[in-house]
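Keep in mind that what you see is a predicted model, and the values were worked out from it rather than measured. Only heavy atoms go into these numbers, but all of them, side chains included; no hydrogens, no water, no symmetry mates.
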Amino acid sequence: MNYTTKKVLAFMLILFCFNGINLASNVKIDKSPVFVGTDTVNKTTNIQFDMSWENSWRNDRNYDAVWIFVKYKIPGQNTWKHLQLPANAEDFSIEIDNGISGVFSIGKSGDNVSGVFAFRKHKGTGNIKWNNINIKWKYGKNGIKNIDNIILKVFAIEMVYIPQGAFKVGSGGSESSAFFTYPDLSKPFAINSEDVITTGTKNGNLSYAKVNYAEPYYGEIPAVFPKGFKAFYCMKYELTQGQYVDFLNSLSRKQQLTRVYTDISAASILNSYVMSNTATISFRNGIRCKISLTESIPVIFYCDLNGNNIPNEKSDGQNIACNFLSWTDDGAFSDWA
């Protein structure tokens, strides 16, 4: 995932899981998943569900898409695992497309298929409703012998496809920390490929206007580091508090400790609003947990912006942008997804 000043792209996500019907922005899962066509000999099955979202588009340059990925948990265990999906687009299908054909493009993380992009096949605009989406799962490769009691969470993230293209970083203005082409502060730096970029204080280097909090860390940006020139997908919306709660609730206790600011390691805590590390709501962040916890198992988080300690009511701020996030929180969320 990479970010540029020309392509002003929100880092955050729209996310849901399959515990009931979940809504966030305009993508939703309309039916809880079921296993279809299970082959107990070869240990394969299809995960089937419905999905829809509003205001989809495709034109000559780009399109919106949905990133789909799955977590699963074995009964008796507290750890959610990322389900590796099949490596062939043919193992994904839509039985009822309601007049809008869909396309699937797999997304790899190393040798693993972490998820799949789903998007409209032809140019057009409007709402999408797809019924009986099928994902083939070779569950035997996950070391699972029986799927009868497997617990699934299927997540959907709205994305935008950004086509390959040159661009410039820096505005040509005089703002603090602005990128520029050394030594001309008013000249933005052109990125015309994914080749190595040399940063520093020699003519033609990518540089930036130093201020107190921006130390001069110069060097080479290697070719393997994505710079935003090649085509890529980007999240469409910022991360909400409800979505961050979903993320937290699929982590181990040890992982949760690193992603909130209240110390939740003990059996009893004072500051239950865990992102602000306060006992009461601060700066409209309503992510909360109980004050009495079980030390050995993951904490259950919820939204409670109205402060009545009733989880996830309509007035509890699930769709408010999640503040109190560091770069590492954002990075952990993206890695998890």
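Each side chain to side chain donor-acceptor pair (under 3.5 Å) pair with one or both residues in residues 285-303, not counting sequence neighbours, appears once here: Ser272-Arg288, Tyr273-Arg288, Asn285-Asn323, Arg288-Asp304, Tyr302-Asn309. Residue pairs satisfying the salt bridge (Lys or Arg N to Asp or Glu O under 4.0 Å) criterion with at least one member in residues 122-134, sequence neighbours excluded, are listed as follows: Asp30-Lys129, Asp60-Lys123. For residues 65-92, there are no salt bridge (Lys or Arg N to Asp or Glu O under 4.0 Å) pairs, not counting sequence neighbours.
Closest heavy-atom contact between Asn127 and Glu54: OD1-CA, 3.2 Å. Taking all atoms of both residues into account, the shortest heavy-atom contact from Ala118 to Ile68 is CB-CD1, 4.2 Å.
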Determine, stepwise, if the pair Tyr261 / Phe324 fulfils ring pair (Phe, Tyr, Trp, His ring centres under 6.0 Å). CA-CA 9 Å; Tyr261 295 93; Phe324 293 105; 7.4 Å; no

List the steps and the verdict of side-chain hydrogen bond (donor to acceptor under 3.5 Å, both in side chains) for Ser114 and Asn112. CA-CA 6 Å; Ser114 304; Asn112 296 320; over 6 Å; no

Please test Phe155 against Phe69 for ring pair (Phe, Tyr, Trp, His ring centres under 6.0 Å), starting from the C-alpha separation and ending with a verdict. CA-CA 5 Å; Phe155 298 85; Phe69 63 100; 5.0 Å; yes

For a side-chain hydrogen bond (donor to acceptor under 3.5 Å, both in side chains) check, start with the C-alpha distance between Glu95 and Asn131, then their side-chain angles and the critical distance, and finish with the verdict. CA-CA 6 Å; Glu95 292 184 13; Asn131 301 110; over 6 Å; no

Intermediate values then yes/no, ring pair (Phe, Tyr, Trp, His ring centres under 6.0 Å), Tyr218 and Tyr208: CA-CA 10 Å; Tyr218 295 126; Tyr208 60 91; 5.6 Å; yes

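Defined by atom type and a distance below 3.5 Å, a donor-acceptor pair is present between the side-chain atoms of Asp329 and Ser326. Inspection of the Glu313 and Asn306 side chains reveals an N or O donor paired with an N or O acceptor under 3.5 Å.
The aromatic ring centres of Tyr63 and Phe119 sit less than 6.0 Å apart. Ring pair Trp336/Phe247: centre-to-centre distance below 6.0 Å.
Residues that satisfy the side-chain contact (heavy atoms from CB on, under 4.5 Å) test with Asp335, not counting sequence neighbours, are absent from this structure. Every side-chain contact (heavy atoms from CB on, under 4.5 Å) that Gln256 has, sequence neighbours left out, goes to Leu251, Arg253, Ile264, Pro298, Val299, Phe301. Evaluation of the side-chain contact (heavy atoms from CB on, under 4.5 Å) rule for Asp97 yields Ile94, Ser101, Trp130 as partners, not counting sequence neighbours.
Under 4.0 Å is where a charged nitrogen must lie from a carboxylate oxygen, and between Lys227 and Glu194 at least one such pair does.
Side-chain contact check for Phe117 versus Phe104: every heavy-atom pair is 4.5 Å or farther apart.
Annotation: the span from Gln318 atom CD to Ile287 atom CD1 amounts to 10.0 Å, rounded to 0.5 Å.
One hydrophobic cluster, built from ILVMFWY side chains closer than 4.5 Å, holds both Trp67 and Met235.
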